[in-house]
Every structure is written in structure tokens, then in C-alpha cells.
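The analysis underlying the following values was restricted to heavy atoms, covering all of them including side chains, and did not include hydrogens, waters or symmetry mates. Throughout, a chain's letter reflects where its sequence line sits, starting with A, and its residues are numbered from 1.
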Amino acid sequence: QDVTIPIIVKDTTSFYWQIVLAGARAAGKDLGVNVPELGAQAETDVNGQISILENAVAGSPAAIVISPTEFKALGKPVDEAAKAVPIIGIDSGADSKAFSSFLTTDNVQGGRIAADGLAAAIKEATGKDEGEIAIITNTPGAGSLEQRKEGFLDQIKSKYPGLKVVADKYADGQASTGLNIMTDLITANPNLVGVFASNLIMAQGVGQAIAENKLGEKVKVIGFDSDEKTVGFLKEGVLAGLVVQDPYRMGYDGIKTALAVSKKEKVEATVDTGANLVTKANMADPKIDALLNPKIN
Amino acid sequence: MSVETTTEAAPVPKKGMNILFGLTLLGLLLFLWLLLGLSTNSFWTSNNISNLLRQGAMTAILAVGQTFVIITAGIDLSVGAVVGFSSVTIAWLLAHGVPLWPAIGITLLVGVFIGAFHAFGIVRMGLPAFIITLATLTSLRGIGLLITNGSTISITDESFANFSRADFLGVPSLFWMVIVVAIPAFVFLHLSRWGRYLFAVGSNREAARLSGVNVERTIYLAYILSSTCAAFVGILLASRIGIGNATQAEGWELQAIASSVIGGTSLFGAVGSVHGPLLGAFILATINNGANLLNLNSFWQRIITGALIIIIVYFDQLRRCGSR
Amino acid sequence: MSVETTTEAAPVPKKGMNILFGLTLLGLLLFLWLLLGLSTNSFWTSNNISNLLRQGAMTAILAVGQTFVIITAGIDLSVGAVVGFSSVTIAWLLAHGVPLWPAIGITLLVGVFIGAFHAFGIVRMGLPAFIITLATLTSLRGIGLLITNGSTISITDESFANFSRADFLGVPSLFWMVIVVAIPAFVFLHLSRWGRYLFAVGSNREAARLSGVNVERTIYLAYILSSTCAAFVGILLASRIGIGNATQAEGWELQAIASSVIGGTSLFGAVGSVHGPLLGAFILATINNGANLLNLNSFWQRIITGALIIIIVYFDQLRRCGSR
Amino acid sequence: MTGLNDVSHRHDAEVEALSGGPVAKGAPILELRGLHKRYGTVEALRPASITFLSGEIHAIVGENGAGKSTLIKLLTGVIRRTSGDIVWCGQPVPLSDPNEAISRGINAVHQEVVLCPHLTVAANMFLGDEMNRRGLMRKRAMTDAAQAVLNDLGFNLPAGALLSDLTIGQQQLVATARAAMRGTQFLIFDEPTAYLTRQESAQLFRLIRRLQAQGVTIVYISHRMEEVFELADRVSVLRDGTHVGTRLIGETNDAELISMMINRSIEQIYHKETLPIGKPIVETRGLSGPGFQDISLTVRAGEIVGLYGLIGAGRSEFALGLYGREKVTAGEILFEGKTVDIRNERVAMDLGIALAPESRRDQGLCLNLPIGLNINLPVFDRLSSGLTINRKREIANADKQIGDLKIKTPTRRVLASAMSGGNQQKIVIGKWLSHGAKLFIFDEPTVGVDVGTKAEIYRLFSKLLEEGAGIILISSYLPEVYELADTLHVFRQGRLVASHAYRTASHEDVLTQAIGV
Ligand SMILES: Nc1ncnc2c1ncn2[C@@H]1O[C@H](COP(=O)(O)OP(=O)(O)OP(=O)(O)O)[C@@H](O)[C@H]1O
Ligand SMILES: Nc1ncnc2c1ncn2[C@@H]1O[C@H](COP(=O)(O)OP(=O)(O)OP(=O)(O)O)[C@@H](O)[C@H]1O
Ligand SMILES: [Mg+2]
Ligand SMILES: [Mg+2]
């Protein structure tokens with residue numbers, strides 16, 4: 001195995017990125033490529049990711065697959081790195097034209113899908129798509145979460161004027177904080193009908209609050225990404241829906257594309273790997289089921 | 001190292017000063033509650049009070065454990081990581097078919113072991129507490145992540161997950177856990193000789209040793225208690241959020257220390273109580289709960305928390321000096 | 001308040017010990033480099049060395065500032081938050097049309113102001129350093145987030161953004177910045193009387209006061225230097241990442257403290273140097289860099305970092321005791 | 001003696017200006033008018049008016065807690081007065097911070113050594129007053145100058161050594177040298193001989209006389225009457241914070257001063273009852289450890305064994321070795337005839353050995369804890385029933401010791417740090433009296449203790465002996481060991497060099513053996 005293609009994710013401590021890495025690992029095995037799995041330890045650690053990129057370039061690999069943690073900040077480092085090796089972007093963009101190829105899920109679009117899902121769930125429960133809703137964000141300062149929020153708020157404003165965002169809260173990356181915020185929101189806003197928890201950790205915390213208070217019928221929650229816990233919540237009706245991306249494919253195709261680029265083959269400049277709304281109704285779908293149960297090993 | 005305070009400080013505690021101070025903090029807490037009761041109409045609902053008690057419970061237990069360590073003039077930065085790690089431990093054990101009670105026992109034992117390791121580093125290897133606990137903080141998160149492979153372990157045991165939601169006599173079970181920890185802690189710290197030894201070691205290690213206090217054992221005791229409290233909180237957290245996740249409880253060490261200091265513990269050692277940190281933790285929880293109820297911007301919430309910490313500790317300081 | 005450590009802690013190094021210890025640390029660093037050179041073939045590339053120097057630079061500067069504070073037996077937990085806040089400040093100023101140099105000047109002044117506020121809290125309000133800097137940590141992140149509304153401010157000034165990537169005489173400009181800070185810091189700490197006052201205040205505050213040392217001014221100096229170093233690092237970070245973002249540099253305070261302690265600074269005060277923290281910071285940077293080059297799992301990286309901190313500080317301790 | 005003034009380079013002009021012009025010898029240089037200091041409810045110094053004359057040596061005596069140190073702290077700007085005036089060279093001055101006092105040429109050697117342990121001797125001597133050239137310190141020049149001063153004073157100390165490497169006594173000498181460099185007008189000594197041996201005391205006295213000859217006004221505080229009579233021109237007495245009078249030294253005597261101090265008279269300070277000597281309690285055979293070699297001695301029931309020696313002679317180390325605090329490297333210990341292995345302090349205590357250590361600050365007291373806790377610390381296991389402490393007995397025990405030793409405190413809840421030096425020493429002793437033992441080791445038990453209390457402590461010794469205990473008394477104050485010890489051992493450089501039965505050798509012999517000429 002002399003071909004090395006490192007993959008740099010945003011945060012190795014999150015389940016989502018572990019699935020991306022699992023995909024990349026599988027691709028490495030299938031294609032006979034050595035795939036070092038790199039990444040910062042928090043999505044907000046921009047400087048850490050830049051350093052990792054620099055170190056990866058120093059190892060002169062065949063190509064690098066990266067998911068830029070911050071649009072603007074990674075622009076120059078990616079430009080710089082692209083001088084030495086081809087760079088393939090996954091998941092999120094960066095302020096650079098140097099990417100050889102790009103496989104993204106549009107987080108803004110993901111936010112929109114969440115808004116649609118939430119509106120639908122509320123309508124199903126109350127018969128009309130109006131009422132008070134809230135959004136809870138895992139941590140401030142994380143690019144993809146801001147984009148999800150932007151898409152969500154934008155869609156609500158333009159398509160569902162009856163839904164009123166009464167609270168827009170930030171937690172500190174802790175599920176229990178999400179849980180605390182949610183219980184307090186329920187107390188402070190008895191008329192709350194819906195919540196968007198824009199990542200996995202918040203979906204876990206918020207879901208727990210709903211479960212504790214047995215409000216699954218009354219307050220509809222849309223989460224983002226999935227794991228065993230949140231899928232369980234979905235089955236129990238605690239969560240109304242999950243916006244699920246295809247991280248496994250992103251990792252797999254990222255490496256595959258990178259290998260092609262390194263062999264100077266022609267590749268598509270941009271690929272959208274898409275985001276899907278999963279509800280209790282479509283969970284059993286084989287395609288969705290594959291998304292919910294990625295083969296990590 | 002000996003900071004002289006012959007003139008400025010040298011607080012001669014008035015009779016019952018400690019209790020008085022505790023009362024004043026209690027006063028502050030009640031004042032906050034009154035204020036929130038007036039400015040929101042949801043604060044004084046039984047539901048919200050339950051929430052509040054639940055929200056403060058974990059920090060409160062951590063703060064009590066931390067206080068033992070701080071009284072010996074040490075510090076335990078690892079408690080947040082221990083909480084996260086313990087949540088992983090119990091989730092892993094449950095996922096591997098270990099029955100609930102043994103799993104709880106093993107997790108607590110892991111806590112004991114971590115505390116003993118800290119004390120070993122401090123006593124035998126001569127490391128500063130700050131450093132050894134900082135190192136375990138880093139390593140434990142790594143080990144936890146390795147076990148979970150960076151993700152989370154779901155807990156399927158229903159009775160376990162239900163525990164943290166349950167009430168007993170109308171009071172949330174999590175708050176009962178605070179009481180379960182606080183009463184023996186109070187007896188230990190304020191009524192038993194080992195508590196006195198903690199204070200003596202924090203005040204002057206050498207004098208304590210020459211007086212026949214087993215200094216090393218006392219330090220082991222303090223760190224083991226702190227880590228075991230943290231492991232206990234890890235179990236409660238796992239029950240509350242239903243998962244084991246090594247990155248949870250990040251920064252809780254600072255919250256625990258802050259609660260302890262707000263509760264009148266001195267970071268120089270030899271000053272502290274059990275009721276103080278409890279009140280401190282619930283004051284912090286009230287600030288957060290109140291901010292949420294008032295729908296305060298999350299950023300303002302941070303600013304206000306910082307400012308309140310300064311104000312509370314400042315008035316504590318004033319009161320102590322003023323009472324001379 | 002006098003914490004006695006006659007026997008256990010407060011290791012007072014022998015004369016010339018400091019330099020010797022510095023050399024041994026340097027030896028450790030070179031040893032690590034040698035090891036990495038043998039086990040990877042990319043380590044000793046000029047590209048990688050540049051990376052390494054860049055990556056260690058910011059922590060190094062923070063660690064030097066932190067060392068001043070620790071020598072006075074204090075601690076500054078706010079430096080990470082100050083870095084994040086300063087990146088926001090300069091980005092905001094630039095975005096609002098303030099020219100580059102005045103913007104840098106204002107940002108540094110903000111650092112001075114924050115440091116002065118810490119010293120004010122400690123000296124005038126009698127707050128523990130741990131608490132006041134913990135409070136500003138919380139509040140500053142809140143204020144920064146408020147300014148950026150939770151997101152980031154882009155920096156469009158090309159020359160500013162290019163600075164951190166530039167080289168000068170083949171050495172990364174960021175590393176030059178370390179030198180620019182370290183040389184005056186060395187003169188200040190080791191050759192001027194103000195440096196000596198820092199040690200005196202850390203060793204015995206009352207004795208320093210009785211000797212006519214202006215203790216308050218010395219404390220102001222230490223905290224202002226620390227915060228200003230942090231603000232400076234914030235400017236460098238803004239240049240490196242091209243954005244202002246209040247949540248950046250989380251946990252850097254602990255890295256800075258760890259670097260300082262690895263570099264031989266005693267958290268009990270009165271022991272420390274300028275070269276020690278620099279070496280400490282680059283040892284930590286080497287561990288990370290090496291782990292990346294060796295393609296070590298990032299979880300293992302944490303575990304190893306924790307273990308190495310314990311080992312390094314332990315041997316430092318051993319050497320000090322042995323040499324007495 | 002030009003050396004001293006040369007080095008103190010605080011500009012003479014500045015000192016001159018602040019001192020308000022020269023004062024004729026014998027004229028008042030410093031007057032206290034109704035000086036008053038209150039700590040909370042404690043009146044440490046009641047309105048006092050004392051005049052110090054230029055060029056005199058003025059002694060101040062008084063019981064523990066009489067307010068002597070408080071007075072000194074007021075004069076050196078360490079603490080601020082509650083009310084009253086200080087008149088310096090005819091002008092009222094604020095004296096609100098130490099720097100002002102230093103600038104006026106006022107300095108003090110405080111009762112507790114206040115120096116920086118992490119700095120060198122030279123750095124300590126020049127602290128706050130460094131020699132600079134173009135903003136940088138002249139370290140070499142300062143070390144040389146400091147060494148010159150130390151040599152000039154006859155103190156055999158290396159200026160480049162770290163302060164923490166010196167013994168307490170040596171540190172006291174550094175503090176003295178430093179004060180002598182700075183106190184060019186007015187110099188105060190607060191119990192300077194507490195940690196010094198006789199020889200060093202003699203050296204100090206020569207220094208004081210030399211300074212007096214140079215026109216420096218000296219204030220001298222001591223509990224040792226003979227020192228007062230040897231040195232002073234005049235003496236002021238404080239009692240309970242009140243100035244009860246000032247006498248010319250020629251017009252007064254021991255008895256009058258003591259009765260002024262304590263309002264009653266003491267017939268005999270060195271109270272000694274000769275008791276039948278019983279069975280050996282402890283016996284060491286060739287005991288060696290860090291700082292002491294090959295020590296063989298026996299302590300029997302009813303006997304006081306005195307250990308005399310110069311600073312660093314290894315007596316404290318021996319005591320710590322016997323008590324299990326320091327590792328013994330060779331030799332054996334027999335306790336009541338049986339060989340014992342004293343691994344740690346607890347073993348020693350359980351056998352029945354008690355040690356009142358020499359440094360009350362570093363080894364004796366938990367300063368920021370209440371007096372009561374300090375007293376009870378060794379006996380909490382006895383005060384506990386089951387898991388918890390029996391509050392009643394805890395309180396009773398603390399109050400008993402406070403009463404027995406006449407510790408000057410309103411309650412047992414007061415922090416030990418708020419006590420005067422002598423009262424702190426009493427707490428240390430009280431702690432071990434409440435524990436009780438078969439062998440008591442008292443290391444410098446009467447440092448800083450006033451005459452009245454000293455007599456009480458000696459009486460306590462008798463009581464312990466009567467109860468069948470043995471005592472090891474370590475003291476650098478020769479009259480004390482000489483008068484009290486049944487057997488007097490002399491230590492030199494870690495070795496036991498001579499032994500004498502009660503009053504069989506002369507002071508001079510003992511001294512010679514200790515110095516080893
Ligand atoms: N910081 C303080 N706070 C409260 N009370 C104090 C403080 N310092 C001293 N005192 C009290 O003031 C009184 C006078 O103390 P001072 O130290 O002046 O006595 P002293 O004459 O020097 O006694 P000694 O001979 O024992 O040294 C004592 O009763 C003491 O307890
Ligand atoms: N840990 C140690 N290891 C080796 N030598 C030591 C140690 N501690 C002290 N010493 C040395 O042992 C000698 C004895 O010191 P010690 O303080 O016991 O004397 P002392 O007779 O009690 O005198 P004093 O109490 O009057 O100062 C000193 O020279 C000291 O430097
Ligand atoms: Mg005194
Ligand atoms: Mg001694």
C-alpha cells in the first residue's frame with residue numbers, strides 16, 4: 001500500500017464523523033489505499049484543523065480529503081495545500097477554488113428539510129401548521145450548525161408564517177444542557193408545539209426531555225443525524241423526525257474520488273450526497289434503513 | 001509559599017460565623033427565587049422546582065466532592081472527565097450484559113481507583129494536584145472515546161433510565177441523591193475526626209503530620225471521595241441522558257470548583273463546608289434556570305453568570321472581613 | 001492562609017539548577033525529534049519543521065505570559081477566552097474600517113485592560129485569581145459571541161491574513177513572534193528588578209511588602225502581561241484563521257499552564273523561567289505533530305499526552321529533589 | 001562601619017529630606033502620642049505615648065500579647081494605626097506603608113522571619129532596593145556587596161546561597177544584616193535572640209553597640225531580662241496594650257520590671273524540683289540520620305535531659321529522628337527496654353513520645369485554623385466515640401488547656417494566626433500536654449515566651465516529671481538548659497561531644513565544647 005490519502009474530519013469525537021471515517025476506511029480497504037484518519041477534537045477548533053492539514057501535507061500524500069470546519073478560515077490553508085497535493089472537499093465548503101472535487105450535503109438545505117418536517121409533524125398533530133416553536137443549537141460558532149439554523153429559519157419565515165420561533169438557544173455541547181434547556185422551555189412556553197434540535201447531541205438531550213415529560217404527542221421534535229438512541233426515540237414517537245445525511249457515502253466516495261484525482265482521472269466537480277427526512281413512516285425503507293444503520297467497524 | 005496575612009485577613013470567625021455565612025447564601029438563593037417568582041409566572045410551579053432541583057443536583061454532588069479536595073489545599077480538575085468516563089463505563093457494562101447493581105458497583109470502584117491514582121501521584125510522585133488531575137482529564141477522555149469509538153453507547157435498561165425521571169415523595173430522585181451524598185458528607189467533614197484532619201492537612205501539612213495525622217491517608221481519602229462522587233454523578237448522568245458518552249460533562253470541573261468557592265470554600269485550603277457548595281451549585285442552577293425562563297439570550301446568560309460569580313464571591317469576602 | 005509545604009512541596013532549586021533543568025528539557029525535546037526523525041521520513045522535512053514551529057508558537061507565547069502570573073503564585077484561566085475575544089475584536093475593528101495598525105493597538109489595549117481588571121479584582125476586591133479569571137473566561141466568551149452574534153467575522157485584509165503564513169529568513173513569521181516576545185520577557189524576568197519582584201511576591205508576599213516592594217503594582221504587571229500576551233496571540237490567531245470567532249482557543253489556558261509547568265514553573269509560585277515554558281510548549285506541539293505524522297488515532301493521542309505530562313513532570317520533580 | 005552605609009544606597013539626600021533634618025543626640029527623634037491599635041474587638045495597643053531619644057537603646061518588655069510586636073508593626077508601616085500621632089523628628093508623619101518607613105531610615109527585624117525563601121541571601125538583602133545599571137540589575141555587584149556586609153558583621157554566611165537552605169537562626173541573621181543596612185536612623189529588634197545561640201547573641205550585641213555609636217536609635221524587645229540590662233539605656237514596659245512606664249536602666253531592677261509587667265512578683269524563674277530518677281524510658285544507641293551521627297543517650301523517668309549546641313548542631317534533627325519524622329540510617333532505639341522501630345510519627349505517639357517542634361509556624365501550628373482545633377489535633381481519636389467526635393469533650397479539652405496555660409484569647413474559636421508569638425508557642429505546648437506521653441521532647445519551648453509564662457512552663461515540667469515522664473529539652477538558651485537539665489548533653493556538628501550532670505560544668509566549658517575551639 002504505497003498510496004496514502006488522509007481524510008481530515010471536523011471532530012473525531014462525534015458519531016457522525018465516525019461514520020464518515022468508517023466509509024473512508026471501507027473505501028481504503030476496497031481500493032488498496034492507506035487512509036490515515038485525522039481530525040480536530042472539536043468542531044470549533046479551527047486552528048487545530050489547520051495544523052492537521054499542514055501536517056498532512058508535510059507527509060506528501062497522493063491526495064487529501066477534508067471537511068473544512070469553517071468556510072472562511074480554511075480557504076487560504078486549502079489554497080496553500082492544493083499547491084502540493086490535490087484536495088477533495090466533503091460535507092462543507094471552504095473559501096477556496098482549489099478543490100479538485102467536492103462532495104457535500106448542503107447544510108442550509110438540511111435546515112430547510114427540517115423546517116418542512118417540523119411543519120408537517122405539527123400539522124399532523126394539530127391540524128394546522130401554526131404555533132410556537134424553538135431551535136436549540138449545540139454550540140455557538142460552529143459553521144455547519146449556523147447554516148442549518150439559517151436554512152431552518154429562512155424556510156419557516158418564507159413558507160410557514162404561522163410558526164413563531166419563540167426561543168433560539170445555544171447549549172454548550174452537553175446533552176444534559178440540552179435537556180435542561182428543553183425542560184425550562186417547556187415550563188416557560190406551555191404552548192410550545194415544535195423544536196428543531198440541530199445536531200445529534202441536542203437531539204439526544206431534547207429527546208430525553210420530551211420522554212421525561214411524556215410530551216411526544218404535544219411537542220414535535222426534529223433532530224439532525226442519527227444514532228441508536230435517537231432512532232429509538234423515533235420509534236417511540238418521542239422524536240417526530242430526523243434529518244439524515246449520508247456520511248458513510250461521503251467518506252467512501254471521498255476517498256474514491258481522491259484516488260481518481262491522484263491518478264489524474266476526470267471527476268465531477270461537485271456531488272450532492274443529499275439529506276433525507278426520516279420519520280416513523282419511512283424508517284423501514286431499505287434505503288433509509290441503510291442510512292440509519294451504517295456498517296461501521 | 002506562606003502568604004502572610006497577619007494584618008489584612010486573619011479572620012477571627014465570630015461565633016457561628018460559618019452557619020451565618022451559610023444562611024446568607026441561603027438568603028441570596030431565596031432572594032433569587034423570590035425575584036424569579038415575581039418576574040415569571042412559571043418559576044414557582046412544582047414542575048419547574050422539580051426541574052431546578054434536578055438541574056442543580058449533579059453539580060452539587062460534584063462540588064461536595066471537590067470541596068474535600070480543596071480543603072486539603074488541592075484541586076481536582078478531572079471530575080468532568082471522570083463523569084464522562086463513568087457514563088461510558090456503566091453504559092458499556094450494561095451493554096455487555098452486566099446486571100445493573102454490579103455495574104453500578106464497578107463504576108464506583110473505577111472512581112475509587114482514579115482517585116487513588118491521583119493521590120498516588122501527589123503523595124508518592126510529588127506531582128502538583130493541578131498537573132496530575134489535568135493529565136487524567138486528558139487521558140480519561142481519550143480512553144472513553146476509545147471505548148466508544150468516538151460515539152455513544154445507548155442504555156436500554158428501562159428501569160435505570162427511568163430512575164432519574166422518577167420522583168419520591170414529590171421530590172425528584174436526583175435531588176434525593178444529593179441528600180444521600182450530603183448527609184454522610186456533612187457527618188464526615190464536620191462531625192468526624194477525619195474531617196478535622198482534612199482541614200489540618202490543608203492548613204499545615206507538616207504540623208498535621210507531627211501531630212500524628214496520617215497525611216498521606218488523608219490525601220488519599222480526599223481524592224478518592226472526589227472521584228467517587230464524580231463516578232456517582234457519571235452514573236446519574238448516564239441514567240438521565242440514557243447514553244454513555246466520553247465527551248459529556250466537559251467543563252463541569254470548573255462549575256464544581258466555582259460552586260464550591262461561591263459556597264465559601266477557600267482555594268488556599270482549610271476553609272470550607274458541605275452546605276456551602278450545595279448552595280453554590282443551586283445558585284448557579286437557578287441562574288441558568290431563570291435565564292431560560294426569562295428567555296434570556298444564551299450569550300447574555302454567560303456574561304451574567306460571570307458577573308454574578310464575581311459579585312457573590314466579592315460580597316462573601318467583604319462579609320468575612322467586615323465581621324472582624 | 002499560609003499553606004505550609006516545608007517538606008513536601010515548594011521545591012527550591014539549587015543555584016544554576018534552572019539552566020541545567022532548561023538544558024535537560026531541551027535534551028528531551030531533541031530526543032523526541034530524533035525519535036520522530038527515525039520513525040517517520042517526513043519529520044525532518046523543512047516543511048514539517050516550519051509547521052511545528054508555527055503550531056507551537058501560540059501556546060508558547062501564552063505560556064510565557066502565564067508564567068509571569070504563576071510565578072506570583074497566581075493563575076490566569078482566562079487566556080483562552082482572551083485569545084478568542086481578541087480575534088473577534090480585531091476582526092470587528094478591521095471590518096469596521098479601522099486601519100490595521102490602530103486595530104492591533106486597540107486589541108492589545110483591550111488585553112491590557114482585561115489584565116488590569118483581573119489584578120483589580122485580586123488586589124482591591126480580594127478575590128482569588130482562580131475565580132476572577134474564571135469569571136472573565138465565562139463573560140468574555142459571552143461578549144464575543146454577542147458581538148459576532150454567535151458566528152464569525154471574516155477578515156478581508158489580505159496582508160494581515162498572509163502574515164501568519166509568511167516566512168522570514170526561512171523561519172515562519174509566527175515563530176519570529178515567539179522570539180519577539182521571549183527576548184524582552186527574558187530580560188524582564190531574569191535581568192530586571194521587576195522580574196525579581198515577581199519572584200519575591202510569589203515567594204512571600206508579606207516579606208516583599210515589608211521590603212518596600214510595591215506588591216499591588218507587581219500583581220498588576222503580571223496579569224497585564226499575561227492578558228496582553230493572550231491578546232497578541234488572539235491577533236496572530238485571527239491572522240492564521242482569517243476570522244474572528246469568540247469560541248476559538250477553548251482550553252488553551254490549560255495547555256498554557258501545562259506548558260509552563262512542564263517547563264519547570266511551580267504552581268506554588270516563585271519558581272519559573274522564560275525558556276522553560278517555551279520548551280514545554282514545543283514539547284507539547286511535537287507530541288501532537290508526531291502523533292499526526294505517525295497516524296496515531298486521535299484518542300490515543302490524548303491518552304499519550306496525559307501520560308507524557310505525568311512522566312515529564314515526575315522526572316522534573318525527581319531531578320529537583322535529587323539535586324538537593 | 002562605613003560598609004553598611006555605603007551599601008545602603010537609598011539616596012542619602014532622600015533620607016535626609018524625609019528625616020526632617022538631623023536631630024541632636026539625646027533629643028526626641030520619635031514620639032508616640034496616644035497611639036492606638038484595635039483588631040476588631042481586641043485592643044492590641046491602648047493609647048500609648050512613648051518618646052524615643054536619638055541615639056539611645058530603648059528596650060521594650062511585656063508579657064506575651066502585651067502589644068510589643070503591634071507597636072513595632074505600627075512604627076514600620078506594616079499595619080495602620082486606629083488613631084493617635086507619630087511624630088518623627090518633630091513632624092507628624094503618616095507612616096502608612098513600609099516603603100515610607102524604609103525611606104525615613106526606619107527598619108526592623110521582625111519577630112517572625114519575613115524573607116523570601118526562594119531568593120538568595122543577597123537578593124533578600126537588596127530586595128526592593130536593587131542596584132541597577134540601565135534598567136538591569138547588577139547581580140554580581142549585589143552579591144559582592146552583600147557578602148561584604150555579612151563579613152563585616154561577622155556573620156559567616158554565603159551571600160549566594162538560597163535562603164531556604166539556611167536554618168531559621170541563619171535566616172534571622174540575614175534579616176538582621178538587611179535591617180542594619182537599611183535602618184540608618186532607627187532600628188528595631190523584635191526578640192532577635194530567640195533563635196540565636198549565645199555566641200551569635202554576643203555578635204549581635206556588638207553590632208547593636210556599633211550601630212548605636214554611629215548614631216542609630218535602637219529599640220530592643222526581649223523577654224530576657226539580662227539582655228535588657230546589658231544593652232539598654234532606658235526601658236519601657238507594656239501590659240495588656242497599656243504603656244505602664246519608662247525607666248532609666250540604672251534606676252530599676254529585674255523585680256521591678258517583672259512586677260510592672262505582670263503586676264505581681266516571681267521569686268524564682270527556673271523552677272526545679274529534684275525528683276528521684278526512675279527507670280530508663282528511652283535509650284538510643286549510635287543513632288544516626290540526616291544531620292546527626294552516632295548519638296547515644298538515655299532518658300529516665302523523672303529526668304530532664306538537656307541538649308545544648310549552636311545553630312545547626314543537629315539537635316532538632318535528632319529529635320525528629322527519634323520521633324519518626326526523619327529516616328534513621330543507623331543505630332537503634334530502645335523504648336522501655338525493648339528495641340522499637342519508629343517508622344513514623346504515629347508509632348512514636350502510640351509508644352508515648354510527644355514532640356513540641358521548634359518552628360511553631362512551619363511545624364507546630366495550623367495557623368488558619370482555630371486554637372481549639374490545634375490543641376485537639378493529636379487527640380481526636382480519643383475524643384471520638386464511634387464515627388463522630390464528642391463535641392462536649394472536644395470543647396472541654398480545648399478550654400482546659402487554654403485556661404491552664406493562660407492563653408490570651410476570648411474563645412477557642414479564634415484563629416491561631418491572630419495570636420501573639422508567645423501565645424502561639426503556648427498553643428503548641430498545650431497540644432502536647434493534652435495528649436500526654438511518657439517522653440516529652442520540647443524543642444525550644446520558651447522561644448518568645450514571657451518570664452511569667454516561662455516560670456509556669458517550667459513548673460509544668462516538674463508536674464510531668466512527677467507523673468513519671470521523662471523530658472528532652474532542646475534549647476539554645478544556655479541558662480535554661482543549664483539550670484533545668486539533670487543531664488546536659490552538648491552537640492556539635494551532628495555529634496554528641498560532651499555530657500554533664502546537673503551543674504557540674506561551668507557555662508564557659510559548655511560553650512567551648514559547643515563551639516569546639
Ligand atoms: N492580626 C491580628 N488580628 C487580631 N488580633 C491580633 C492580631 N495580631 C495581634 N493580635 C492581638 O493583639 C495583641 C497584641 O499582640 P502582639 O503581637 O503585639 O503581642 P506581643 O507583645 O508582641 O507578644 P509576644 O511577646 O507574645 O510576641 C494580642 O492579644 C494578639 O492576640
Ligand atoms: N534533610 C536534611 N538532610 C541532610 N542534612 C540536613 C537536613 N536537614 C538539616 N540538615 C542539616 O543538619 C544540621 C542540623 O540542623 P538542626 O536544625 O537540626 O540543628 P539544631 O541543633 O537543632 O540547631 P537549631 O535548631 O538551633 O538551628 C544542619 O547543618 C542542617 O543543614
Ligand atoms: Mg511579639
Ligand atoms: Mg533546632
Side-chain angles (χ1 to χ4, degrees), chain B residues 1-9 73 77 121 123 125-128 130-132 134-143 145-146 149-150 202-207 209 215 254 257-258 261 266-270 297-310 313-314 317-318 321, chain C residues 1-11 73 77 121 125-128 130-132 134-143 145-146 149-150 202-207 209 254 257-258 261 266-270 297-310 313-314 317-318 321:
Chain B
M1 257 229 357
S2 91
V3 184
E4 292 304 327
T5 48
T6 15
T7 47
E8 313 311 325
L77 292 181
V123 166
M125 302 172 72
L127 301 174
F130 197 99
I131 286 301
I132 180 111
L134 178 61
T136 32
L137 181 165
T138 316
S139 292
L140 276 184
R141 294 243 187 248
I143 299 173
L145 285 166
L146 213 56
N149 196 15
S203 177
N204 186 343
R205 241 190 220 211
E206 183 66 16
R209 159 165 305 178
V215 173
L254 293 185
I257 297 170
V261 173
S266 157
L267 287 166
F268 295 103
N297 174 313
S298 318
F299 307 148
W300 272 112
Q301 201 167 325
R302 296 194 189 212
I303 301 175
I304 290 173
T305 307
L308 277 182
I309 291 178
I310 295 182
V313 179
Y314 174 60
Q317 222 75 4
L318 261 198
C321 298
Chain C
M1 274 228 218
S2 90
V3 187
E4 293 306 328
T5 50
T6 15
T7 46
E8 313 309 324
L77 292 181
M125 301 171 73
L127 302 174
F130 197 100
I131 285 302
I132 179 110
L134 178 62
T136 33
L137 182 165
T138 316
S139 291
L140 276 184
R141 294 240 187 252
I143 299 174
L145 286 167
L146 212 56
N149 197 18
S203 179
N204 187 342
R205 216 193 244 220
E206 187 66 6
R209 194 169 79 90
L254 294 185
I257 296 170
V261 173
S266 157
L267 287 166
F268 297 104
N297 174 312
S298 62
F299 307 148
W300 273 110
Q301 201 166 323
R302 289 195 193 211
I303 301 174
I304 290 173
T305 307
L308 276 182
I309 290 178
I310 294 182
V313 179
Y314 174 60
Q317 222 75 5
L318 262 198
C321 297

S.K.: Just verifying a value: how many Å separate B:Trp300 CH2 and C:Ser139 OG, rounded to the nearest 0.5 Å?
M.R.: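 It is 10.0 Å, given to the nearest 0.5 Å.
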S.K.: Name the option with the most non-hydrogen atom pairs under 4.5 Å to chain C; the candidates are B:Gly150, B:Gly126, B:Ser298, B:Ala270.
M.R.: B:Gly126
S.K.: Any side-chain heavy atom of C:Phe130 within less than 4.5 Å of one from B:Ile257?
M.R.: yes
S.K.: What distance do C:Ile143 atom CD1 and C:Thr138 atom OG1 have between them, rounded to the nearest 0.5 Å?
M.R.: 11.0 Å
S.K.: Just how far is it from atom CD1 of B:Ile131 to atom CD1 of C:Ile310, taken to the nearest 0.5 Å?
M.R.: 9.5 Å
S.K.: For the candidates B:Gly121, B:Ala258, B:Gly142, which exhibits the highest count of non-hydrogen atom pairs separated by less than 4.5 Å from chain C?
M.R.: B:Gly142
S.K.: Under 4.5 Å from any heavy atom of chain B, what part of C:Leu267 do you find: side chain, backbone, both or neither?
M.R.: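 Interface part for C:Leu267: side chain.
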S.K.: Is C:Leu134 close to chain B through its backbone or its side chain, or both, or neither, when contacts mean heavy atoms under 4.5 Å?
M.R.: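 For C:Leu134, the side chain is the part near chain B, not the backbone.
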S.K.: Among B:Thr305, B:Ile303, B:Asn297, which residue has the highest count of heavy-atom pairs closer than 4.5 Å to chain C?
M.R.: B:Ile303
S.K.: Would you mind telling me which of B:Ile304, B:Leu145, B:Ile309 has the largest number of heavy-atom pairs within less than 4.5 Å of chain C?
M.R.: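 Top option by heavy-atom pairs under 4.5 Å: B:Leu145.
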S.K.: When rounded to the nearest 0.5 angstrom, what is the spacing between OG1 in B:Thr136 and CG in B:Leu77?
M.R.: 8.5 Å
